[in-house]
Amino acid sequence: MFGIPGKQAVTITPKAAAKIAALMEKDGHEGLRIGVKKGGCAGMEYTMDYVTEIDPLDEVVELDGARVMIAPMAQMFLFGTEIDYETSLLESGFKFRNPNVVDACGCGESIKFDDSLSAKA
């Protein structure tokens, strides 16, 4: 929908691909749909949901058995994002390195996009 021909909307690191593929295999899901919604102290939050059916309007990115679908309304917010999976002593989880984010809350759960980008949604 908002893509550039020949360029994937998001990239997936090998660690994230391995985790997503394992989650897909464990429960028989078609993939993981990512999006954004209003909320949090910075204004927006990422969403992640298991998918049993691929929406024809979703942008689909695949790597090493992992499949990520991007919800149509989130595509312009997520274009250029790298999805990684990090593990530390205190936490583990998916991390989004998104060039469209202009601010984030201290905990990193809530993000803010440039106002011009938000006005297009």
Test item: Met44 and Lys38 side chains (from C-beta on) under 4.5 Å apart, heavy atoms: yes
Whether His29 and Tyr50 hold their rings parallel, tilted or perpendicular, with breakpoints at 30° and 60°: parallel
Separation of Tyr85 OH from Thr13 OG1 (nearest 0.5 Å): 11.0 Å
Shared hydrophobic cluster, Val68 / Val51 (ILVMFWY, side-chain heavy atoms < 4.5 Å): no
Gln75 to Ile70 - nearest heavy-atom pair and separation: NE2-O, 3.3 Å
Where Gly35 and Ala74 come nearest, the two heavy atoms and their spacing: CA-CB, 3.5 Å
Nearest-0.5 Å distance that lies between atom CE in Met24 and atom NZ in Lys19: 14.0 Å
Co-membership, hydrophobic cluster, residues Met48 and Leu23, 4.5 Å side-chain: yes
Lys95: partners by side chain to side chain donor-acceptor pair (under 3.5 Å), with sequence neighbours left out: Glu91
Approximate separation, where rounding is to 0.5 Å, of Lys37 NZ and Met73 CE: 16.0 Å
4.5 Å side-chain heavy-atom contact, Phe79 and Glu59: no
Nearest-0.5 Å distance, CG of residue Asp49 to CD1 of residue Ile34: 11.0 Å
Test: Lys15 and Glu86 ion pair at under 4.0 Å: no
ILVMFWY cluster, Phe94 and Val60 together (side-chain gap under 4.5 Å): no
Minimum-distance pair of heavy atoms, taken over all atoms of Pro99 and Gly80: CD-O, 3.4 Å
Test side-chain contact (heavy atoms from CB on, under 4.5 Å) applied to Asn98 and Tyr46, step by step: CA-CA 11 Å; Asn98 187 335; Tyr46 292 112; 3.2 Å; yes
4.5 Å side-chain heavy-atom contact, Asn100 and Leu78: no
Close side-chain approach of Thr52 and Glu30, heavy atoms under 4.5 Å: no
Side chain to side chain contact (heavy atoms under 4.5 Å, CB included), paired with Arg67, selected from Ile20, Leu32, Ile54: Ile54
Donor-acceptor pair, side chain of Asp55 and main chain of Leu57, under 3.5 angstrom: yes
The single option from Val36, Thr81, Val10 passing side chain to side chain contact (heavy atoms under 4.5 Å, CB included) against Phe96: Thr81
Hydrophobic cluster membership, Ile83 vs Val61, 4.5 Å side-chain cutoff: yes
